[in-house]
Every structure is written in structure tokens, then in C-alpha cells.
Amino acid sequence: MTETTGTPAVETIKTAIEDILKTIDQEREREIITRRFGLYERRETLEQIGELLGITRERVRQLEKAILARLKTAAADGKIPAISDAERLIIRDLSENGRVGRVQDVANRLSKDKASNNTRSHVAFIGELSPRFVIINETDNYHQGISIAENGNEKKVRGDIDSIVKTIKNHGQPIDIESLHGMLTFESPSQIRGLASLSKKLANLKDVWGLAKWPTVNPKNIRDKIYVILAGNG
DNA sequence: ACGTATGTCTGTGCACAGCC
DNA sequence: GGCTGTGCACAGACATACGT
């Protein structure tokens with residue numbers, strides 16, 4: 001296994017993850033967390049971890065829940081100092097980018113390149129533990145996201161995303177971020193951009209946003225692409 | 001539409017410690 | 001010894017996502 005060194009930000013977050021894991025006494029509990037969140041390798045299911053540990057998937061779920069609750073309390077009480085450096089980095093990044101966005105995009109920016117799966121998992125894990133963030137779980141309609149806690153809970157963020165999708169749908173054609181900002185009541189255009197990036201129903205071309213099914217923002221074949229170029233040239 | 005994989009909820013049994 | 005609370009572990013039922 002080769003160890004590559006990432007950017008200082010990526011290394012800081014990696015160190016935080018290691019320090020958090022050190023606060024878990026039992027080997028078994030560390031295994032559950034690292035494997036469930038894919039902190040070192042790819043994510044594993046409850047079933048796979050249960051098989052490894054010789055317990056049922058349900059017991060793994062119960063343990064995972066209990067461990068996370070413990071870690072969250074410790075993090076909220078400031079008992080995991082290592083987490084604060086990582087928090088600061090993520091908060092700074094989000095503050096510069098609309099206070100909300102895809103976990104993958106945050107990880108990419110911190111990596112100054114396409115982030116590794118590990119780095120993405122690390123960012124998501126910090127987001128899960130820290131009370132300063134809210135994680136938006138991935139579903140059919142949303143990418144995995146991270147938001148500053150002041151933006152509201154997961155449900156609120158999903159509602160905000162939905163309102164942007166609805167506005168674009170009603171508009172009926174691709175629209176730029178500034179125009180959307182004029183039509184909605186979000187604090188900044190970049191917040192709209194961050195929220196919109198979380199929707200799987202939306203796509204953008206040069207910061208002009210539309211429904212993902214519209215070829216004008218999401219050209220799928222050469223005909224669409226030619227159309228977009230011609231339309232762009234008037 | 002259907003079967004399969006995965007995750008979640010609920011109820012139950014067992015072991016153990018502390019207390020009377 | 002009997003009672004009670006707690007933690008651990010499991011099975012079954014159900015919900016949801018996903019692939020065919």
C-alpha cells in the first residue's frame with residue numbers, strides 16, 4: 001500500500017480522523033466506525049462488518065448508533081480537540097462557497113484536485129460528528145452534502161433545494177445564478193449555487209442552471225452539444 | 001413488477017452487578 | 001435468594017433502494 005501526501009488541509013483532516021479514532025477504546029468499535037464510514041477503505045455494509053465480527057447486522061447497527069452518539073457528545077463538549085482544526089478548514093471553505101455544498105466538492109477544493117474517496121469520507125465523518133455542520137445524506141434526488149449548521153437542519157436544506165428546483169422548473173428555461181438570486185430570498189448567489197449543486201435534478205453549463213433533463217444545460221450527445229454552441233453564439 | 005440486498009424497529013432472552 | 005436495572009445479542013417483521 002502506497003501512502004501519498006496530500007495538501008496540508010487534507011493532512012490536517014486525516015490527523016483529526018486518526019485522533020478521533022484514538023478516543024475509541026475498543027478495537028471492535030473502531031472497526032465498525034472505520035468500515036462503516038469508509039475512513040481507510042471503501043464503505044462496508046452492516047452485514048459485512050457483522051460477518052467479520054461474528055455478530056448480526058442489527059447488533060452492528062446498534063453499536064454504530066451508540067458509538068456515534070458518544071462521539072457527538074464528546075465533540076459537542078469540546079472533548080476531542082483534534083476535531084477543531086478540521087472544523088475550521090471546512091467552515092472556511094464553506095464560508096467562501098455559499099455555506100453549503102457537495103461533500104465531494106468540499107473535498108476536491110481542500111485537495112486542490114479531485115479528492116480521493118478517503119478524503120471525501122473524512123470530510124463527511126467530520127460533518128457527521130461536529131455540531132457545527134449538518135450532513136445531507138445521498139438519495140435519489142440529492143447528492144451527499146454538507147452545510148453550516150446555521151442554515152438549518154437536513155429537512156430545511158432539502159426544502160431549500162426543492163424551492164430552487166421548483167423555481168427553475170417554473171421558469172421553463174435555463175437561468176443564471178444572479179437571476180435566480182433576484183427571484184428567491186437566499187442570502188447570496190453562491191448559496192444558491194451550493195444548494196443547487198446538491199440536487200440531482202439540476203445541471204449547469206457555465207453557471208447557467210436548468211433541469212438535468214434539458215439538453216441545453218446537460219448535453220448528452222453531439223447533436224445537443226452543437227445546439228448548445230450555436231445557441232451560445234446567438 | 002418482482003426478487004434481492006440493505007437498513008431499521010421492536011420484542012425477547014440471557015448474563016451480570018447492585019441492592020434489599 | 002429474589003428483585004431490578006443495564007448491556008449485549010438475536011430473530012422477525014417491515015421499509016426502502018436497487019437491479020433485472
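Letters A, B, ... mirror the listed sequences (proteins, then strands); counts begin at 1. These numbers were taken from a predicted model, which means no experiment stands behind them. All heavy atoms count here, side chains included; hydrogens, waters and symmetry mates do not.
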Undergrad: For A:Glu58, run the side chain to side chain contact (heavy atoms under 4.5 Å, CB included) check against A:Thr56, A:Ile55, A:Val60 and tell me which one passes.
TA: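 Output: one option passes, namely A:Thr56.
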
Undergrad: What side-chain donor-acceptor pairs closer than 3.5 Å can you find for residues 82-92 of chain A, not counting sequence neighbours?
TA:
| from | atom 1 | to | atom 2 | distance (Å) |
| --- | --- | --- | --- | --- |
| A:Ser84 | OG | A:Pro81 | O | 2.8 |
| A:Asp85 | OD1 | A:Arg88 | NH2 | 2.5 |
| A:Glu87 | OE2 | A:Ser130 | OG | 2.5 |

Undergrad: In whole angstroms, how far is the C1' atom of C:dC10 from the CG atom of A:Leu63?
TA: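 Nearest whole value for this atom pair: 13 Å.
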
Undergrad: What residues, two or more places apart in sequence or in another chain, satisfy salt bridge (Lys or Arg N to Asp or Glu O under 4.0 Å) together with A:Lys112?
TA: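 None.
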
Undergrad: Expressed as a whole number of angstroms, how long is the span from A:Lys65:NZ to C:dA9:C1'?
TA: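 That distance rounds to 16 Å.
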
Undergrad: Identify the heavy atoms of A:Gly101 and A:Ser197 that sit nearest to each other, and give their distance.
TA: CA-OG, 4.2 Å

Undergrad: Would you classify A:Arg36 as touching base, sugar-phosphate or nothing, given that sugar-phosphate means primed atoms plus P, OP1 and OP2, and contacts are heavy atoms under 4.0 Å?
TA: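 If one applies the 4.0 Å heavy-atom cut-off, A:Arg36 turns out to touch the sugar-phosphate alone, with no base involved.
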
Undergrad: Considering just the side-chain nitrogens and oxygens of A:Arg28, establish if one lies under 4.0 Å of OP1 or OP2 belonging to C:dA9.
TA: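 Looking at the OP1 and OP2 atoms of C:dA9, one of them is under 4.0 Å from a side-chain N or O of A:Arg28.
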
Undergrad: Once you round it to whole Å, what is the distance between P of B:dT12 and CD of A:Gln62?
TA: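 After rounding, the gap between these two atoms is 15 Å.
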
Undergrad: Please tell me if A:Arg61 has a side-chain N or O lying less than 4.0 Å from either OP1 or OP2 of C:dC10.
TA: no

Undergrad: Restricting to nitrogen or oxygen on both sides, can you table the protein-nucleotides 18-20 of chain C pairs closer than 3.5 Å?
TA:
| from | atom 1 | to | atom 2 | distance (Å) |
| --- | --- | --- | --- | --- |
| C:dC18 | OP2 | A:Asp140 | OD1 | 2.7 |

Undergrad: Which residues in residues 45-59 of chain A have at least one heavy atom lying under 4.0 Å from any atom of DNA chain B?
TA: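 Nucleic-acid contacts, sorted: A:Thr45, A:Leu46, A:Arg57, A:Glu58.
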
Undergrad: Knowing that exactly one of A:Glu41, A:Glu64, A:Glu31 qualifies, which makes a salt bridge (charged side-chain N to carboxylate O under 4.0 Å, His left out) with A:Arg36?
TA: A:Glu64

Undergrad: Test side-chain hydrogen bond (donor to acceptor under 3.5 Å, both in side chains) on A:Thr12 and A:Thr15; report intermediate values, then the result.
TA: CA-CA 5 Å; A:Thr12 299; A:Thr15 304; over 6 Å; no

Undergrad: Atom CD of A:Glu44 and atom C1' of B:dA5: how far apart are they, to the nearest Å?
TA: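 Taking atom C1' of B:dA5 as the reference, CD of A:Glu44 is at 15 Å.
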
Undergrad: Using the test salt bridge (Lys or Arg N to Asp or Glu O under 4.0 Å), find all partners of A:Lys22 that sit at least two apart in sequence or belong to another chain.
TA: A:Asp19

Undergrad: Mind checking side chain to side chain contact (heavy atoms under 4.5 Å, CB included) for A:Asp207 and listing every partner two or more places apart, or none if nothing turns up?
TA: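 In terms of side chain to side chain contact (heavy atoms under 4.5 Å, CB included), with neighbours along the sequence ignored, A:Asp207 is linked to A:Ile177, A:Arg193, A:Asn204, A:Trp209.
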
